[in-house]
Amino acid sequence: MNWLPQVSPLTVVLIPFIGAALIGLAARSWKTQQLISWTTSALFLLAVLGQLGAVLAGETPRQLVWEILPGLPIAFSIEPLGMIFALLASSLWIVATPYAIGYMVNGGYTSLARFFACYAIALGAAAGIAFADNLLTMFIFYEILSVSTYPLVAHTGTAKARQGARTYLGILLLTSICFWLPAMIWTFIATGTLEFAQGGILAGHLGPTQAGLLLLLFMFGTGKAALMPFHRWLPSAMVAPTPVSALLHAVAVVKAGVFVALKLALYVFGLDFLAEIPLTDFVLYVATFTMIAASLIAIHQDNLKARLAYSTVSQLAYIVVGALLATQVAAIGGGMHMVMHGYGKITLFFCAGAIYLASHKTLVSELDGIGRRMPFTMAAFLLGALCVIGIPPMGGLWSKWHLVTGAFEAGHAVVLAAFLLSTLLNIAYLLPPVLRAFLKPLPEGEPATLKEAPLMCVVPLTLTAAGSMVLFFAAGLPHRLMQLVFA
Amino acid sequence: MAIVDLMPFSVLAPLIASGVVALLPGRFWPWAITLLAAIVATVIAALTLPAALESTLSYPFGNWPPPIGIEYRVDAANAFVALLVAGMAALSLPWAKVSIDREVPERQGAFYALFLLALAGLLGITLTGDAFNVFVFLEISSLATYALIAHGRDRRALLASFRYLIMGTIGATFLLIGIALLYMMTGTLNMADLAVRLPEVQHTRTVDAALAFIVVGMGLKLAMLPLHLWLPNAYAYAPNFVTIFLAGTATKVALYVMVRFIFTVFGGEYSFTVLPLAIVLMALGVAGMFAGSWVAMFQDHLKRMLAYSSVAQVGYMVLGVSLFSAAGLTAAFLHMFNHALIKVALFMAVGTIMYRIGSIKLQDIRGLGRQMPWTLTAFALAGLSIIGVPTTAGFISKWYLILAAAEAGHWWLVGLIVITSMMAVYYIWRVIEAAWMQERPAGSPAVREAPLALLAPTWLMVALNFYFGIDTRLTVGASTAAAEALLGVGGLMP
Amino acid sequence: MTVLGFFNYWVVIILMMIGLYCVIARGNMIKKIIGLNLFQTSVFILFISAGKVVGGSTPILREGVEVYSNPLPHVLILTAIVVGVAITAVGLALAVRIQEAYGTIEDDHLGDDGEDDGPFEEEQRG
């Protein structure tokens with residue numbers, strides 16, 4: 001990647017924010033806004049890619065922006081795990097941009113300037129989380145992400161949207177301020193630093209019991225990781241327009257949550273210390289329970305987006321489990337699953353949105369025979385579903401492979417069994433829509449003519465579906481980055 | 001001229017200007033002279049601060065050497081508070097012009113003269129080194145304040161002013177009783193001299209009583225929880241500019257006086273053993289935090305809501321004092337400064353809304369976010385600061401308060417501070433929700449964005465909130481020095 | 001003996017209590033102000049009586065007098081009296097304005113004057 005200039009981490013984070021400001025300024029001209037959205041997402045991707053070479057070479061670019069108080073700086077550093085998250089977010093943003101434009105215009109939505117500005121801010125916040133060098137910086141961008149996505153969730157402004165958005169913001173803010181912030185303060189008081197360090201900073205400063213309490217605060221404070229019982233916001237947020245659900249609630253926001261969980265496990269607690277804490281097992285079982293319970297709920301959801309939302313809750317728990325198993329293999333699996341699930345789930349959401357746009361159907365039970373009218377969309381849906389389930393030739397296989405190996409290594413038979421059960425449940429809730437679409441006849445009165453969503457929507461979902469297949473063969477990159485975490 | 005010789009002029013400038021302004025007709029010149037005087041006071045205070053951080057400054061009046069004569073005695077603590085008071089006056093005056101033209105259309109000369117008297121009084125309290133002088137300046141500023149509050153357009157302003165007058169006078173008289181008792185025991189009124197002589201007569205009933213009277217009297221003026229009853233109505237019905245100024249300065253100066261007496265005059269060690277101040281102040285501070293936030297959560301009148309929030313914020317400061325540690329006092333001084341920034345910004349935003357729509361009831365601001373986006377965004381951003389979100393000034397002071405509580409081993413306090421911050425989230429959130437998430441009621445007239453003359457100062461305050469949330473060298477440095485000066489690490493104490 | 005020897009303090013305390021009671025218990029604003037005045041006056045007496053030196057004369061330098069009363073409390077209280085007068089004046093002025101605006105100065109009749117008084121009453125104030 002030497003042909004790309006390597007800019008400072010702050011610049012990468014600022015690109016989307018500047019883009020958002022420009023969109024805000026160009027509120028009158030829809031053409032200009034589109035242009036800025038495109039340019040910003042492209043520049044952002046290039047800027048992130050520009051960092052890749054250095055990270056793969058084992059470097060960690062660092063930047064101290066400003067020291068607010070002694071020991072409380074705003075600082076960035078680009079380490080491999082953050083790189084994975086940034087790559088995921090930036091590569092999917094550029095695909096989501098045309099989808100969002102196509103969807104919002106064809107769906108007859110208004111206030112597009114606000115929408116695209118907030119969209120860009122959310123991505124900038126995600127980059128800030130990815131590159132944060134300490135807990136404080138991470139917290140700040142975490143909150144920016146929560147707040148900037150609120151207008152997106154409540155975009156339609158109906159009573160239902162406002163209600164959902166209130167639950168969304170309420171849970172995310174409350175958990176972060178009530179649990180995360182005190183945990184951060186506790187960490188600072190105990191260790192005198194908030195900086196991430198390979199192998200953790202807590203070992204030797206806190207006893208196992210105290211560290212266990214801290215772990216509880218941190219894990220439940222990371223509301224975005226949707227551990228039960230703080231998962232309600234995710235289904236509530238499905239009132240948002242589909243591009244929001246797709247990019248933000250399948251990728252940026254929820255992945256920020258599990259990224260934080262991974263980062264905490266690897267860089268604050270450290271895997272070795274984590275294994276010593278008795279309460280780790282408790283949180284691990286909470287995550288395992290979330291994994292199974294969310295899958296069971298998903299089976300009963302007739303609304304397609306709600307079903308996908310619960311599926312996301314379940315898949316996020318995979319990653320948290322990967323972090324808490326406290327073995328290297330499982331952590332690698334968790335990191336890879338961020339990417340694989342990101343690609344698979346965004347495809348599924350894109351498809352759900354395309355179906356709504358083309359035929360105004362939202363329920364699984366309405367999907368009979370729709371494969372004849374929307375073959376591309378439903379084929380992509382199948383690929384996305386296979387990726388999430390983890391069947392070759394899709395990328396999802398590799399992450400689950402590592403996760404299961406990790407559970408085996410750690411000797412957690414229950415978790416191992418849960419992984420297998422959950423995979424079966426994945427099949428049970430993700431494949432029926434596809435089967436209905438292709439195998440059942442269309443309802444009376446609907447012609448079997450081709451009626452796909454607009455091109456601006458179909459092309460992106462085809463691309464992400466293809467991407468999740470490419471990841472089967474190109475899984476080396478995330479794997480290598482994850483190994484660098486332990487180098 | 002040495003900086004020491006300039007010091008009295010930060011009080012004299014507004015005092016002299018008030019006489020001039022009272023005689024000036026029209027609307028422009030009174031305001032302009034007032035602004036000029038406030039700027040002069042600010043500049044002098046800003047020049048004094050760096051010098052006071054290095055050593056204690058003393059200016060004897062009429063060249064009578066203290067303790068016989070009256071002196072201005074300035075160390076880090078009062079230099080910091082003086083800068084705060086003068087700075088807030090100078091920052092809020094640009095906002096005042098348009099607003100006062102609407103709210104006090106006639107006899108503005110008198111109005112501004114009163115304002116200058118209040119300012120001179122507050123600065124005098126801060127700078128003086130003489131206990132009786134504190135009382136006199138306190139009454140000067142209070143009298144001017146009562147009259148200023150009575151200028152409110154709502155007739156309830158008169159009642160609020162009258163009640164404040166009764167309670168304020170009782171508070172000030174309590175202070176006078178305390179000073180009288182101290183004088184009887186020591187024969188001196190100079191605070192530094194008192195600090196030297198009091199140890200000889202310590203642990204007599206008289207000195208104990210003096211301390212109690214002073215703490216209660218100043219507790220009244222600073223609206224510590226059970227003595228806060230005057231504050232909500234006074235803030236709610238005073239002219240907006242007066243509310244802004246009071247919220248930024250009056251309670252802070254009262255807290256300063258209380259802290260000055262507790263730590264410098266009586267000595268912290270003595271005060272905290274004779275009276276159970278650690279427990280009483282902590283209990284009252286925590287109760288104030290809770291009660292203030294709780295009531296604020298259910299107020300529909302925005303100025304009352306912010307007034308109750310002020311009661312809660314005073315609770316944080318009192319809590320910081322009650323910890324009786326350098327960290328706690330630092331936190332109290334930091335919060336004094338940062339809370340002034342926050343509340344001035346919030347009251348400015350609310351005042352701007354009032355200027356446009358004539359009401360600040362929650363139900364009247366529904367849907368206003370789309371019509372006055374700049375004003376309400378300013379409110380929301382300042383709201384972040386009062387919640388204590390990182391990168392805002394509010395976070396810095398709460399962070400220090402939490403560290404101080406943790407240092408003292410009071411973990412439960414950390415939890416309480418977090419919980420009351422959540423309550424702040426709620427009351428700020430209600431406003432945001434009403435302004436942006438609800439529709440403008442049918443039939444209400446279209447509203448334009450507020451004039452730049454109101455918006456610019458408001459946004460300046462919001463910007464300062466973020467500036468002092470990121471660049472903390474001035475605030476933290478001065479607060480630490482203030483705490484050290486009061487605790488006698490290097491300052492007034494012999 | 002000691003009880004009587006402190007008679008000035010007894011006076012102060014009795015006056016103070018009467019004053020405070022008046023402020024708290026009376027609804028009429030004029031009476032409240034009177035109470036406030038009594039309260040303040042009691043403190044003035046407390047302060048001034050501290051300046052009394054037994055056998056001392058008025059503090060004017062002249063032949064044949066060795067012991068003087070302490071003049072400082074008198075001077076201070078002169079200032080405090082001025083302050084007290086000013087407060088009384090402001091308080092009475094406010095009472096007049098309240099009478100104009102509400103038609104009464106009885107606190108009980110004004111109630112708590114809660115929040116539902118309408119947003120603005122500028123007309124009533126002329």
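Each chain gets a letter, A, B and so on, in the order its sequence line appears, and its residues count up from 1.
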In terms of heavy-atom pairs under 4.5 Å, which option from B:I360, B:I179, B:L143 contacts chain C the most? B:L143

About how many Å separate CD1 of C:I87 and OG1 of B:T173, when rounded to the nearest 0.5 Å? 6.5 Å

Contact part of C:L36 toward chain B, heavy-atom cut-off under 4.5 Å: side chain, backbone, both or neither? side chain

Side chain / backbone / both / neither for C:V43 at chain B, heavy atoms under 4.5 Å: side chain

Taking the side chain as everything from C-beta on, heavy atoms only, tell me whether C:L46 gets closer than 4.5 Å to B:M184. yes

What part of B:I170 is in contact with chain C, defined as an atom under 4.5 angstrom from a non-hydrogen atom: side chain, backbone, both or neither? both

Are any of the side-chain heavy atoms of B:L189 and C:L76 separated by less than 4.5 Å? yes

Determine whether C:M29 and B:L165 satisfy the following criterion, side-chain contact (heavy atoms from CB on, under 4.5 Å), listing intermediate values before the conclusion. CA-CA 11 Å; C:M29 291 184 179; B:L165 180 138; over 6 Å; no

Hey, does C:L72 have a side-chain heavy atom less than 4.5 Å from the side chain of B:Y183? yes

Closest contact, heavy atoms only, C:L94 versus B:S161: CD1-OG, 3.2 Å

Which value, rounded to the nearest 0.5 Å, describes the distance between B:L176 atom CG and C:I77 atom CD1? 5.5 Å

Inter-residue atom distance B:F162.CZ - C:K32.NZ, 0.5 Å rounding: 7.0 Å

Atom group of C:M16 that falls short of 4.5 Å from chain B, counting heavy atoms: side chain

Any residue of residues 132-141 of chain B which, by heavy atoms, sits under 4.5 Å from chain C: B:F132, B:F135, B:V136, B:E139

With rounding to the nearest 0.5 angstrom, report the CZ to CD distance, B:R155 to C:E100. 13.0 Å

CD1-CZ distance between B:I177 and C:F39, expressed to the nearest 0.5 angstrom: 4.5 Å

